[in-house]
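Every number for a ligand or one of its atoms is a count from 1 in the order of the listing. Predicted model, so just to flag it, every value in this text is computed and none were measured.
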Amino acid sequence: MDDVAASQEASLPPGLAPGTGKTFYIETFGCQMNVHDSEKVAGVLLTRGYRPVESHEEAELVLYNTCSIREKAAQKVFSRLGALRKGYRGSSKIVGVLGCVAQQEGEEIFERAPQVGLVCGSASYPRIAELIDKLEQGQRRVTGLELETEDCFETELTRRDNPFRAYLTIIEGCDKECSYCVVPMTRGPERSRPSGRVLEEVKRLAGEGYSEIQLLGQTVNSYRDPSPARLSFAELLVRVAETRGVRRVRFTTSHPLDFGPEIVQAIESHPAICNQIHLPVQCGSNRILAAMRRTYTREEYLEKIDCIRSSKRNISVSTDIIVGFCGETEEDFAQTLDLIERVGYSQMFSFKYSVRPKTAAGGWVDSVPEEEKSRRLTLLQERQRQIQLAAHQDLIGREFEVLVEAFHPKLGQSAGRTTCNRTINFAGRPEWTGSYLKVRVTAAGPNSLVGEREDGNFQPLEPASNAPGEDCHGS
Ligand code: 5AD
Ligand code: SF4
């Protein structure tokens with residue numbers, strides 16, 4: 001190995017010799033888990049003396065953290081690589097493909113895109129520093145593709161891209177076997193981080209001024225503490241919320257099978273735990289739920305919703321839905337429309353079924369024609385738009401506490417988020433960003449609210465206080 005390194009030293013790009021100021025650029029596709037993985041990979045690179053730059057043109061190491069949940073998402077990275085190929089033929093730039101496409105396509109990526117030097121799936125991130133070492137030593141093609149692992153991706157440093165909200169992965173991988181989904185194949189088996197480590201990190205983050213902590217996992221509520229403390233997910237939620245300086249806690253994504261009343265009780269027990277649950281249903285028909293191998297029926301799902309609705313907190317529920325899954329009839333789809341009506345979701349992420357290789361459903365007939373999938377998706381989204389608009393109109397005149405997340409200079413507007421994860425735009429100021437303000441809703445659209453700040457309640461953010469979060473009345 002040393003010999004290889006020595007013999008290739010001469011051909012090392014100048015910027016990638018260890019100890020010099022190397023530059024990197026990382027582009028992320030897909031979910032929050034990917035966004036946070038990129039933050040951690042960036043942290044590893046920063047620790048090694050790399051410097052981030054704003055564009056791939058300037059960077060010596062270009063990384064794409066990819067998503068393959070639907071075909072369109074997977075194609076994106078190949079169009080990026082195609083563009084790079086033209087621009088960088090013969091250049092010393094190193095290109096890496098990380099994440100789900102890397103895991104799924106493996107070494108074939110080298111064939112399709114010869115300029116790629118690193119292919120690494122998320123289950124191999126614990127080895128990313130070692131893989132970068134190999135690149136620095138001049139190895140031309142390096143892979144991290146092992147899937148069976150018990151390790152979580154722990155980093156000394158994480159570069160956090162949002163100054164107020166910190167993402168924190170508590171469980172990696174997925175052991176569910178939904179028939180349409182690539183995630184168990186791309187992210188590997190479920191593995192939870194010890195609760196003590198999670199809580200230490202939360203404490204440090206709160207001390208650094210991150211007032212909102214978002215716990216992440218593909219099935220976050222399937223968390224199983226591997227340490228002797230054996231905290232349940234609900235207990236962990238409460239412990240995170242009790243951490244001094246933490247003002248809001250969110251968690252995503254919950255799987256209905258592992259969702260029980262103890263999570264609702266945890267939310268009720270601590271005001272810092274936000275009134276928001278993302279509980280993907282995927283479909284309203286029992287026939288299709290069974291084909292999807294979701295492990296619950298429509299009735300069982302609705303019982304969980306009843307439990308949430310009977311809470312003394314007004315908890316908003318959002319969901320994911322797939323239309324046009326194999327064998328979905330008009331009647332099945334009508335059941336989905338009926339279900340969204342019954343539940344009254346605060347937000348819905350909906351998708352046309354996309355056949356994914358190596359999944360169980362990948363071998364089944366994709367029976368619903370593309371135009372029909374589009375028709376169903378449009379109908380579903382239109383109905384959801386009406387549901388959200390009506391719910392938002394009911395909020396006019398109410399007051400909410402928001403965490404101000406952004407200021408848009410052109411509009412002179414600040415944008416804040418309620419505990420229920422609704423966005424309110426209001427006449428604002430740049431210095432309000434990062435603070436918690438009371439805002440009264442004055443107008444409503446389907447996707448966001450308009451409001452005005454209540455006078456005299458500007459509260460600069462104080463990481464050391466543990467002020468309770470405002471309840472989201474009536475939402
Ligand atoms: N086709 C369409 N949507 C999918 N999702 C997962 N796999 C597929 C697929 N093959 C959706 C699900 C999931 C969300 C993250 O992506 O709704 O909850
Ligand atoms: Fe995919 Fe199902 Fe796991 Fe969610 S629970 S990541 S949809 S396999």
Side-chain angles (χ1 to χ4, degrees), residues 29-37 66-76 99-101 103-104 121-123 147 169-192 216-224 233 251-259 277-285 288-296 301 304 317-328 333 336 339-340 345 347-368 370 372-374 376-377 380-381 384:
F29 303 89
C31 62
Q32 283 148 324
M33 293 281 288
N34 265 13
V35 170
H36 185 44
D37 284 342
T66 61
C67 169
S68 63
I69 197 103
R70 284 167 292 277
E71 194 182 353
K72 257 195 203 151
Q75 278 164 355
K76 271 189 198 155
C100 294
V101 175
Q103 189 68 51
Q104 201 156 30
S122 66
L147 207 50
T169 301
I170 61 166
I171 173 169
E172 295 183 15
C174 179
D175 280 352
K176 306 281 186 285
E177 292 173 341
C178 303
S179 57
Y180 52 82
C181 185
V182 287
V183 169
M185 268 81 69
T186 59
R187 287 191 168 267
E190 254 173 40
R191 49 219 188 266
S192 296
L216 298 180
Q218 228 70 48
T219 53
V220 74
N221 58 323
S222 310
Y223 177 81
R224 298 276 174 276
F233 173 67
F251 53 98
T252 197
T253 293
S254 296
H255 191 288
L257 182 69
D258 297 320
F259 191 91
I277 296 168
H278 185 59
L279 200 65
V281 66
Q282 310 298 0
C283 181
S285 145
I288 298 298
L289 284 172
M292 286 178 162
R293 301 187 184 157
R294 285 293 291 178
T295 70
Y296 52 83
Y301 181 89
K304 314 238 169 194
V317 185
S318 55
T319 203
D320 293 347
I321 288 186
I322 299 176
V323 298
F325 187 63
C326 312
E328 187 188 77
F333 175 63
T336 300
L339 184 124
I340 69 160
Y345 291 111
Q347 224 183 346
M348 178 185 80
F349 302 89
S350 50
F351 315 96
K352 290 189 269 185
Y353 170 58
S354 162
V355 181
R356 304 312 295 129
K358 298 181 197 160
T359 57
W364 305 345
V365 181
D366 182 17
S367 59
V368 181
E370 193 56 26
E372 180 57 17
K373 286 181 188 168
S374 301
R376 290 181 192 176
L377 188 69
L380 184 74
Q381 289 178 341
Q384 177 62 20

For [atom], which protein heavy atom lies nearest, and how many Å away is it?
atom                    : result
atom 14 (C) of ligand 1 : Asp320 OD2, 3.5 Å
atom 7 (S) of ligand 2  : Tyr180 OH, 3.3 Å
atom 4 (C) of ligand 1  : Arg70 NH1, 3.4 Å
atom 6 (C) of ligand 1  : Ile69 CG1, 3.3 Å

Donor-acceptor contact below 3.5 Å, side chain [X] vs main chain [Y]:
X      : Y      : value
Ser354 : Glu71  : yes
Thr319 : Val281 : yes
Thr219 : Cys174 : no

Task: Glu177 atom CD, neighbour heavy-atom count above 12 within 6.0 Å - done: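 Result for CD/Glu177: open.
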Open item on the list: Take a 6.0 Å sphere around NZ of Lys76 and say whether it holds more than 12 heavy atoms from other residues, nucleotides or ligands.
Closed with: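 No, the 6.0 Å shell around NZ holds no more than 12 heavy atoms from other groups.
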With backbone taken as N, CA, C and O and side chain as the heavy atoms from C-beta onward, which portion of [X] lies under 4.0 Å from ligand 1: side chain, backbone, both, or neither?
X      : result
Ile322 : side chain
Gln282 : side chain
Phe351 : side chain

Task: Interatomic distance, Ser222 atom OG to Asp258 atom CG [nearest 0.5 angstrom] - done: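 Ser222 OG to Asp258 CG: 3.5 Å, rounded to 0.5 Å.
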Open item on the list: As an exercise, state the distance from NE2 of His278 to CD of Gln347, rounded to the nearest 0.5 Å.
Closed with: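 So the NE2 of His278 and the CD of Gln347 are separated by 8.5 Å.
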- [ ] Could you check whether the rings of Tyr353 and Phe325 sit parallel, tilted or perpendicular, using 30° and 60° as the cut-offs?
- [x]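 The arrangement is perpendicular - the two ring planes meet at more than 60°.
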Open item on the list: What count do you get for protein N, O or S atoms closer to atom 2 (Fe) of ligand 2 than 2.8 Å?
Closed with: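 Excluding waters, the total comes to 1.
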- [ ] Could you tell me whether Tyr353 and ligand 1 have an N or O pair separated by under 3.5 Å?
- [x]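 N/O-N/O distance below 3.5 Å does not exist for this pair.
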TODO: May I ask you to check if ligand 1 and Arg356 share an N or O to N or O distance below 3.5 Å?
DONE: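 Not met; the criterion fails.
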Task: Close side-chain approach of Lys352 to Glu370, heavy-atom, < 4.5 Å - done: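 The answer is yes, as the side chains (C-beta and beyond) meet within the 4.5 Å cut-off.
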Open item on the list: Can you confirm whether the side chains of Glu328 and Ser285 place a donor and an acceptor under 3.5 Å from each other?
Closed with: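 Not at all, the side chains of Glu328 and Ser285 share no donor-acceptor pair under 3.5 Å.
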Task: Close-contact set for ligand 1 against Lys352 heavy atoms, below 4.0 Å - done: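 It comes down to these atoms of ligand 1: 1 (N), 2 (C).
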Open item on the list: Go through it in stages, so that I can follow the logic: the residues are Arg187 and Asp37, the test is salt bridge (Lys or Arg N to Asp or Glu O under 4.0 Å), and I'd like the CA-CA distance, side-chain angles, deciding distance and then a yes or no.
Closed with: CA-CA 12 Å; Arg187 287 191 168 267; Asp37 284 342; 3.2 Å; yes
